[in-house]
**Q** 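Structure provided below as structure tokens; questions to follow.
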Amino acid sequence: MYLYHYPDIWYDYATWHAKSGSVDSAIKVYQRALKALPDSELLKYAYAELEESHGAIQPAKKIYESLLGDGVNATALAHIQYIRFLRRTEGVEAARKYFLDVRKSPSCTYHVYVAYAITAFCLDKDLKIAHTIFEAGLKRFMHEPGYILECVPKFVSKHSLFSDWEKELRDFGLEYSFT
């Protein structure tokens, strides 16, 4: 196979099998692909999604856990996707528990805080938890302009909970008016 080391070719091939109704063949393609490209996150996420979509929760969980590894070198995307997976399969409390654990990790970036707060706000309709998460993130990531630029527009436009941030943003050197 000339394109053996190209994950998008493997992905297209497995997707073709899945759309043709042969899920078992698609699973075998992903397994073979991950032997050829064991570090491909694209293939791992797609494989986990296929397993989950067909009710194989434990194999999907193992794939997500392999993306997390020991947790120290895990990417923000891996944490976010695992939180979403836990929320879908085990419920809100399992996702919350994992977030509380991962936020202590050195590999936890502000992206994880933003994603979890948006999930709490949009899907769980829990404004109090979303506010608490953003406040905790503000304490940790105050010197990350990306964090502030991510969370302020999403919440201020809908609720005036963050009007006290104006002073803090000015102290940081950013001019942002919520009115």
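Numbers here are sequence positions counted from 1.
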**Q** Apply side-chain hydrogen bond (donor to acceptor under 3.5 Å, both in side chains) to Glu49 and list each qualifying residue two or more places apart in sequence or on a separate chain.
**A** none
**Q** Check residues 54-61 and write down every donor-acceptor pair under 3.5 Å in which the side-chain atom is one partner and the other belongs to a residue at least two apart or another chain.
**A**
from	atom 1	to	atom 2	distance (Å)
His54	ND1	Leu50	O	3.1
Lys61	NZ	Glu90	OE2	2.8

**Q** Just verifying a value: how many Å separate Leu68 CG and Ile63 CD1, rounded to the nearest 0.5 Å?
**A** 12.5 Å
**Q** Which atoms form the tightest heavy-atom contact between Ala14 and Ala26, and what is the distance?
**A** O-CB, 3.4 Å
**Q** Who are the ring pair (Phe, Tyr, Trp, His ring centres under 6.0 Å) partners of Phe85, not counting sequence neighbours?
**A** Tyr64
**Q** Could you give the distance from NE2 (His143) to CG (Leu138), rounded to the nearest 0.5 Å?
**A** 9.5 Å
**Q** Hey, could you give me the CG/NZ distance between Leu43 and Lys35, rounded to the nearest 0.5 Å?
**A** 14.0 Å
**Q** Return yes when atom CZ of Phe141 has more than 12 non-hydrogen atoms of other residues, nucleotides or ligands closer than 6.0 Å, and no otherwise.
**A** yes
**Q** Name all residues meeting the salt bridge (Lys or Arg N to Asp or Glu O under 4.0 Å) criterion together with Lys62; count only those two or more places apart in sequence or in a different chain, and write none if there are none.
**A** none
**Q** Using the rule that two of Ile, Leu, Val, Met, Phe, Trp, Tyr join whenever any of their side-chain heavy atoms come within less than 4.5 Å, decide whether Leu123 and Ile133 are in one cluster.
**A** no
**Q** Name all residues meeting the salt bridge (Lys or Arg N to Asp or Glu O under 4.0 Å) criterion together with Arg140; count only those two or more places apart in sequence or in a different chain, and write none if there are none.
**A** none
**Q** Report the residues that fulfil side-chain hydrogen bond (donor to acceptor under 3.5 Å, both in side chains) with Glu41, sequence neighbours left out, ordered by chain and then residue number.
**A** none
**Q** Could you grab the distance from atom CD1 of Ile80 to atom OG1 of Thr75, nearest 0.5 Å is fine?
**A** 8.0 Å
**Q** Let me check something: any side-chain donor-acceptor pairs from residues 91-100 under 3.5 Å, sequence neighbours excluded? List them with distances.
**A**
from	atom 1	to	atom 2	distance (Å)
Glu93	OE2	Arg96	NH1	2.9
Tyr98	OH	His79	ND1	2.8

**Q** Rounded to the nearest 0.5 Å, what separates atom CH2 in Trp10 from atom CG in Leu34?
**A** 9.5 Å
**Q** Write out all pairs satisfying side chain to side chain donor-acceptor pair (under 3.5 Å) with one or both partners inside residues 18-27, taking only residues at least two apart or from two chains.
**A** Ser22-Ser25
**Q** Quick one: pull up NE2 in His111 and CD in Glu144 and give me the separation to the nearest 0.5 Å.
**A** 8.0 Å
**Q** Scan residues 106-132 for pairs that pass salt bridge (charged side-chain N to carboxylate O under 4.0 Å, His left out), counting only residues two or more places apart or in two chains.
**A** Arg87-Asp124
**Q** Only counting residues at least two apart or in another chain, list the ones meeting side-chain hydrogen bond (donor to acceptor under 3.5 Å, both in side chains) with Ser40.
**A** none
**Q** Restricting to salt bridge (Lys or Arg N to Asp or Glu O under 4.0 Å), what partner residues turn up for Glu51, sequence neighbours left out?
**A** none
**Q** Where is the tightest heavy-atom contact between Phe121 and Ala130, given as atom of each residue plus distance?
**A** CB-CB, 3.8 Å
**Q** Can you name the closest pair of heavy atoms from Met142 and Ile148 and give their distance?
**A** O-CD1, 3.6 Å
**Q** Hey, does Val102 have a side-chain heavy atom less than 4.5 Å from the side chain of Val112?
**A** yes
**Q** When you measure from the side chain of Tyr147 to the backbone N and O of Phe134, does any donor-acceptor pair fall under 3.5 Å?
**A** yes
**Q** May I have all residue pairs that pass ring-ring contact (aromatic ring centres under 6.0 Å, His included) and include part of residues 15-52, sequence neighbours excluded?
**A** Tyr13-His17, Tyr30-Tyr47
